[in-house]
Amino acid sequence: MVDFEYLKMLRDGELFGAQLGLKHTLVEEGHACTELVIKPEFINLQGTIHGGILLTLADVTGGTAACSYGKIVATVDNSYHFLRASKTTTRLTAEASTIKAGRRIIVVDVKVRDQDGELMGEGIFSYMPLDIEVKQANEQHES
């Protein structure tokens, strides 16, 4: 059984996501939610949020949902659709729900919304479970 609070703390502690300010708000089996406050450095030349921020938020959130089955995962594929750009977005949320949790591939649907609930993008992500148990991940990372 996965300790979801531990997984949430582990994923929030990853340096890349932490540097962006990404926070997990919910982690349970097959499901994860995150939020991200928009910083000025996330804005592109058009004055909207850089697509890489949306895709990163979706990938990290989907990865957490995939990790909820007990193994650390690696992203193997994704198809993400940028649906809306905005110059007034102050906060993003992402919600990931597992479509299929197989032994070799976990497929997750992720929706990214702005602070008003407007759908900014959606994608299907595939993850490969690795031979690293969630409960061992922090120990291996620190060694």
S.K.: How close do Ile72 and Cys67 get, counting heavy atoms only, and between which atoms?
M.R.: CA-SG, 3.9 Å

S.K.: Output the distance between atom CG (Leu36) and atom OG1 (Thr61), rounded to the nearest 0.5 Å.
M.R.: 9.0 Å

S.K.: To check you understand the geometry: which heavy-atom pair defines the closest contact between Lys87 and Gln46, and what is its length?
M.R.: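 Nearest pair, atom of Lys87 first, then Gln46: CE-O, 3.0 Å.
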
S.K.: Write down the atom of Thr25, the atom of Thr34, and the distance for their closest heavy-atom approach.
M.R.: OG1-N, 4.0 Å

S.K.: Fit a plane to each ring of Phe82 and Tyr80, take the angle between them on a 0 to 90° scale, and name the class: parallel (under 30°), tilted (30 to 60°) or perpendicular (over 60°).
M.R.: perpendicular

S.K.: Are Val27 and Arg11 side-chain neighbours, meaning at least one heavy-atom pair lies under 4.5 Å?
M.R.: no

S.K.: Report yes if some heavy atom in the side chain of Val60 is under 4.5 Å from a heavy atom in the side chain of Leu22; otherwise report no.
M.R.: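 SC-SC contact between Val60 and Leu22 confirmed.
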
S.K.: Taking Phe16 as the starting point, is it possible to reach Leu92 by hopping between hydrophobic residues whose side chains are less than 4.5 Å apart?
M.R.: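 Same cluster.
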
S.K.: How far does CG of Leu26 sit from OG1 of Thr93, to the nearest 0.5 angstrom?
M.R.: 12.0 Å

S.K.: For a side chain to side chain contact (heavy atoms under 4.5 Å, CB included) with Tyr69, tell me which candidate from Thr98, Val134, Val2 qualifies.
M.R.: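 Exactly one option meets the side chain to side chain contact (heavy atoms under 4.5 Å, CB included) with Tyr69, and it is Thr98.
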
S.K.: Is a side-chain donor or acceptor of Ser68 paired with a backbone partner of Gly30 at a separation under 3.5 angstrom?
M.R.: yes

S.K.: Rounded to the nearest 0.5 Å, how far does OG1 of Thr64 lie from CZ of Phe4?
M.R.: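 Nearest 0.5 Å value for the CZ-OG1 distance: 12.0 Å.
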
S.K.: I'd like to check Val107 versus Ile105 (side-chain heavy atoms, cut-off strictly below 4.5 Å). Are they in contact?
M.R.: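 Side chain of Val107 against side chain of Ile105, heavy atoms only: contact under 4.5 Å found.
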
S.K.: Are any side-chain N or O atoms of Tyr127 and backbone N or O atoms of Ile106, one a donor and one an acceptor, separated by less than 3.5 Å?
M.R.: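 Side chain of Tyr127 to backbone of Ile106, a donor-acceptor pair under 3.5 Å: no, none is there.
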
S.K.: Supply the atom-to-atom distance Asn44 CG to Ile49 CD1, rounded to the nearest 0.5 angstrom.
M.R.: 9.0 Å

S.K.: Is there a donor-acceptor contact under 3.5 Å from the side chain of Gln115 to the main chain of Val37?
M.R.: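 Judged by distance alone, no pair lies under 3.5 Å.
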
S.K.: How close do Gly62 and Val110 get, heavy atom to heavy atom, and via which atoms?
M.R.: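 The pair with the smallest heavy-atom distance is CA-CG2, 3.8 Å.
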
S.K.: Is there a side-chain contact between Ser86 and Glu118 (heavy atoms, below 4.5 Å)?
M.R.: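 Ser86 vs Glu118: side chains apart.
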
S.K.: Between His81 and Leu83 (side chain of the first, backbone of the second, donor and acceptor by atom type, cut-off under 3.5 Å), is there such a pair?
M.R.: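 Pair absent, no side-chain N/O of His81 close to backbone of Leu83.
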
S.K.: Is the number of heavy atoms from other residues, nucleotides or ligands under 6.0 Å of Gln19 CD greater than 12?
M.R.: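 Incorrect, the count does not exceed 12.
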
S.K.: Atom CD1 in Ile38, atom CG in Leu20: separation rounded to 0.5 Å?
M.R.: 10.0 Å

S.K.: Using 4.0 Å as the upper bound for N to carboxylate O, is an ion pair formed by Glu133 and Lys71?
M.R.: yes

S.K.: Is the closest side-chain heavy-atom distance between Glu95 and His31 below 4.5 Å?
M.R.: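 In contact.
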
S.K.: So if I apply the side chain to side chain contact (heavy atoms under 4.5 Å, CB included) rule between Phe125 and each of Asp109, Leu55, Asp77, which one comes out positive?
M.R.: Leu55

S.K.: Determine yes or no for a side-chain-to-main-chain donor-acceptor pair under 3.5 angstrom, with Asp114 supplying the side chain and Asp116 the backbone.
M.R.: yes

S.K.: Give a yes or no on whether Val112 and Ile99 share a hydrophobic cluster (residues Ile, Leu, Val, Met, Phe, Trp, Tyr; joining criterion: side-chain heavy atoms under 4.5 Å apart).
M.R.: no

S.K.: Short question: side chain of Thr56, backbone of Ile53 - any donor-acceptor pair under 3.5 Å?
M.R.: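 Looks like no, no N/O pair under 3.5 Å.
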
S.K.: Using every non-hydrogen atom in the two residues, find where Ala65 and Ala96 come nearest and quote the distance to one decimal.
M.R.: CB-CB, 3.9 Å

S.K.: Measuring from atom NE2 of His24 to atom CG of Leu10, what distance do you get when rounded to the nearest 0.5 angstrom?
M.R.: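 So the NE2 of His24 and the CG of Leu10 are separated by 9.5 Å.
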
